[in-house]
2 protein chains.
Amino acid sequence: MAVMWQCQEVIPTAAPAGAVRQGSLRELNLALVLGRIAAAPRPPSRAALAAETGLTRATVSAVVEDLVAGRLVTEAEPQPRSGAGRPARGLVLAGDGPAGLGLEVNVDYLAACVVDLAGEVRHHCVHRADLRPVSPADALGRLVRLAAEARAAADAQGLILAGAALGVPGLVDDVGLVRLAPNLGWRDVPVPELLAEHPPLTEVIDGVPALVVDNEANLAALSELHAGAGPGSFLHISGEVGIGAGIVLDNALYRGARGWSGEIGHIPVRPDGPPCRCGGRGCLERYAGQESILAAAGLAGADLPADTAPNRLAELAGAGDATVLHALHEAGVALGVTVSSVINLLDLDTVVLGGGYAPLAPWLRPPMLAEIERRVLTAAWSPVTVRPAVLGATAAAVGAAGSVVRRIIARPVAWLARL
Amino acid sequence: MAVMWQCQEVIPTAAPAGAVRQGSLRELNLALVLGRIAAAPRPPSRAALAAETGLTRATVSAVVEDLVAGRLVTEAEPQPRSGAGRPARGLVLAGDGPAGLGLEVNVDYLAACVVDLAGEVRHHCVHRADLRPVSPADALGRLVRLAAEARAAADAQGLILAGAALGVPGLVDDVGLVRLAPNLGWRDVPVPELLAEHPPLTEVIDGVPALVVDNEANLAALSELHAGAGPGSFLHISGEVGIGAGIVLDNALYRGARGWSGEIGHIPVRPDGPPCRCGGRGCLERYAGQESILAAAGLAGADLPADTAPNRLAELAGAGDATVLHALHEAGVALGVTVSSVINLLDLDTVVLGGGYAPLAPWLRPPMLAEIERRVLTAAWSPVTVRPAVLGATAAAVGAAGSVVRRIIARPVAWLARL
DNA sequence: CCATTTAATTCAACCACTGAACAAATAGCG
DNA sequence: CGCTATTTGTTCAGTGGTTGAATTAAATGG
């Protein structure tokens, strides 16, 4: 069994860097048309797609025929139309075609979900447990059981799982090794090997590995790209126990030379500040990490589970607790300083507060905006938006599943060839 | 005369986002083959190109025929071969085809140069003068005279100018307006309008404007990408009077949502540090800007021209001047702190010291590496390289000219259609 | 001098898109 | 109710560009 491990989701750019044969022509147009169907606000007709893409109606018909045959697209009920003419048959992404399996291992929960082509979450299941004392092999074993449940749920709904993606709160290298997941206590964990005993996740479908491992913050950012306020460039900050960021540039996740981009938690806020366990001093995590906020809020000993702490903080802040308000203000200032650097560097216009920061956005936002206003050179010409993420704690798992279906939409040929 | 102004060089991605007709097929393969010829270390044969790209030899021959007819490629002398078989005819980029005109306006000089398809600098001319007291219209007038000289030189060598690019040390928006060039004293200067009286620069060749305006740091980074140590992702820091950075990700310049990326000079090193004229506090420019280094080195009153100051500092440092050494060390530490943030964020493996920093690299490098070692989370697994730029002060102008020819190589159809 | 080897060209076949004509399905109007 | 206008979708000959195999070209080596 030749298992090829690919780490980290890569949405193939529709255009191959290599030779362009005539088959590529159809390949590119399949991707083009399917992409438009996916992006359209309402089911488009073949004629509308032709007008939109510049292809002829004849070609669009041929392409759509392929997509329908491959169960990627179905015809919607003819919708009430105004004006004369033969009524259009609307095209929608199939609700019973391929789907993506999204998995997540985090500090205090496991999650699995199934997302269909249209991006709808068709199954979702969370298993709460503190995973720090659990061995990696054990944790992954539990995850496989969750995945089996999800697979059964997908089958029951007529969906075909086309791949899976796993989000981990740490650095993942390009052979599937989790180099370091500090808050989980993992170091050099070979996820592929540990999962190798579980066949459902280790198949290779047409050259694409059945499972892809990626950083959790990256996947959360992807979910915001697809489910959230849509296209553009933005920074998605995940405030979990650690602080991670996903960088979306021009509708694509930027991963860096080795896939380790977005390690925002250890950007120095005050280079001479208190030492951080990373070895540096005055890192952002020392000011805006969950533990630091809790300590500053006087809740250090409260021993709250990591996933309820943000809501507890929001509750107290809403009630006007001065210590908590001050702690959040300080965290917001630190975040603002860091984010200003990022914006000066990358010229982004949007910052999304995700993970644990989402419920705290009302209190983090004002000090962040104040710092940005002061420190970002171009703020005068174009304002920067800071907003909470639309998806909550489930973002990473949903983003993982979404990355699977987005890969199909970006390169439908791979799926069609599988049949 | 319909002059379309496009600001900022954009290398077209060979694959159009729109419809893919059969003509696109040839278009893509022209770009593919020409790109391989440009990237090859020695003149490749048609057969080698076929093997490399996956196209058939028949197709490669047809494509090459088009390229030769369009004066983009010529056949090199048959080189001595080993082994049996018909000798290959090597293909090289034409030395008498299209060329790019590169222009630069900086604080104390103007520059123009001509670069051919192969990236060779075929003409170069610098005009030294302090341009701060000169009006923008006047400065651009002088630049046009320099450009005319360059055009004559290109003609004399049988080159055809296919476009021009202008580098400016400031923020350029997408209609050609220089929003702010602080060290030049420019604000809201409409470069296109001021150049409109000079026909040679305002033609539109086949939909592509004859002149493109861009930030100088971006163009310097591009020159490093093409002339320097080649492909990859890196941060190019230009230490002129201000500090700018060009970000190259996956062999492409990243420009940001509005083209204002790389404003690294105002990233805070110490958020409570001395106030900066940008309105923030403790910005990098306050520690590693040319004026700050000179002040720390005790040369504040020396009134050195901006372009000789770095060499003077290098001279003194080489002679062991303790004050200068200390000043450079402090600047290096500040640069190291900032660069660490950038690397944590973007996961780059290379930092290039360009502009005025290039001659100072021997002294800046050690403290930078020390900070990176300490603050970059992933430094343990993969080392970060810090090196001086290969091109000196001429980098921006050469990069500008190079961007013109790179655009032709990336999409040769535009040039071929022009005939 | 001829077999071997590699390079490049020629040519019929084929694939996918184009453009125009045609069929289908509706609304509006007398 | 029937006719026209209108828009959607399909059919089909035509075309551009690639493929693959055969052919020609130009060298080496025994």
Side-chain angles (χ1 to χ4, degrees), chain A residues 14 16 18-33 37 42-69 73-91 412-413 416-417, chain B residues 14 16 18-33 37 42-69 73-91 412-413 416-417:
Chain A
V20 185
R21 15 181 51 72
Q22 42 232 76
S24 325
L25 231 166
R26 175 51 68 88
E27 178 175 340
L28 292 167
N29 284 330
L30 281 166
L32 176 67
V33 169
I37 293 174
R42 78 191 67 253
S45 67
R46 292 166 175 78
L49 288 168
E52 202 181 338
T53 59
L55 296 167
T56 60
R57 289 181 313 212
T59 305
V60 171
S61 281
V63 166
V64 167
E65 195 177 8
D66 282 6
L67 293 174
V68 170
V73 164
T74 52
E75 292 198 341
E77 282 306 294
Q79 53 185 22
R81 286 206 2 88
S82 60
R86 171 176 169 173
R89 275 184 286 169
L91 300 167
V413 170
L416 297 177
Chain B
V20 185
R21 15 181 51 74
Q22 44 236 76
S24 325
L25 233 167
R26 177 49 69 88
E27 178 174 341
L28 292 166
N29 284 331
L30 281 166
L32 176 67
V33 170
I37 293 174
R42 77 191 69 256
S45 68
R46 292 167 176 77
L49 288 169
E52 201 180 341
T53 60
L55 296 167
T56 60
R57 290 182 314 222
T59 305
V60 171
S61 281
V63 166
V64 167
E65 195 177 9
D66 282 7
L67 294 173
V68 170
V73 164
T74 52
E75 291 196 343
E77 282 305 295
Q79 54 185 20
R81 281 201 10 82
S82 61
R86 172 177 170 174
R89 277 182 286 168
L91 300 167
V413 169
L416 297 177

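Treat the numbers as computed from the prediction; the structure is a model and nothing was measured. So that the names make sense, note that chain A is the first sequence line, chain B the second, and so on, each numbered from 1.
The nearest whole Å value for the distance from the CG atom in A:L25 to the P atom in C:dC14 is 19 Å. Summarising the geometry, the separation between CG on A:L32 and C1' on C:dA16 is reported as 15 Å, rounded to the nearest angstrom. The separation between A:N29 atom CG and C:dC15 atom C1' is 13 Å, rounded to whole Å. Going from atom CD of B:E75 over to atom P of C:dA7 covers 14 Å, rounded to whole Å. One interatomic measurement links the two molecules: CG of A:L55 to C1' of C:dG19, which rounds to 14 Å at whole-angstrom precision. Rounded to an integer number of Å, the gap from CG of A:D66 to P of D:dT10 is 13 Å. Computed from coordinates, the A:R26 CZ to C:dT18 C1' distance equals 13 Å when rounded to whole Å. Between the CZ atom of B:R46 and the P atom of D:dA26 there is a distance of 13 Å, given to the nearest Å.
Looking at which nucleotide of DNA chain D each of A:A58 and A:Q22 is closest to, the 5′-most match is held by A:A58.
Residues B:S45 and B:A88 come closest through the heavy atom pair CB-CB, 3.3 Å. Heavy atoms only, all atoms of each residue included: A:Q22 and B:L25 are closest at CA-CD1, 3.9 Å. Taking both residues in full, the closest heavy atoms of B:P44 and B:L49 are given as CG-CD2, 4.0 Å, listed atom of the first, atom of the second, then distance. Here the closest heavy-atom approach between residue B:R21 and residue A:G54 is recorded as NH2-O, 3.3 Å. Here the closest non-hydrogen pair linking A:P412 and A:L67 is CB-CD2, 4.3 Å. The heavy-atom pair separating A:V63 from A:N29 by the smallest distance is CG1-O, 3.9 Å.
A:A47 comes within contact range of the sugar-phosphate backbone alone, with a heavy-atom separation under 4.0 Å but no base atom that close. Nucleic acid contact for B:T59: base, since at least one base atom lies under 4.0 Å from a heavy atom of the residue. Within 4.0 Å of A:S61, counting heavy atoms only, lies at least one base atom of the nucleic acid.
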N/O-N/O pairs, protein side and nucleotides 22-26 of chain C side, under 3.5 Å:
from   : atom 1 : to    : atom 2 : distance (Å)
C:dA25 : N3     : A:R86 : N      : 3.2
C:dT26 : O2     : A:G85 : N      : 3.2

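Under 4.0 Å is where a charged nitrogen must lie from a carboxylate oxygen, and between B:R46 and B:E65 no such pair does.
When the C1' atoms of four end pairs are superposed on the next four at each end of the helix from C:dC1-D:dG30 to C:dG30-D:dC1, using five pairs per end, the two resulting axes differ in direction by 10°, to 10°.
Of the listed nucleotides (D:dT18, D:dG9, C:dA7), D:dT18 has the atom at the smallest distance from the side chain of A:R21. Considering only side-chain atoms of A:S45, the nucleotide from C:dA7, D:dG9, D:dT18 that sits closest is D:dG9.
Residues A:L91 and A:V33 are not in side-chain contact: their nearest non-hydrogen atoms beyond the backbone lie 4.5 Å or more apart.
Here the CG-CD distance, from B:D66 to B:E27, works out to 12.0 Å after rounding to the nearest 0.5 Å.
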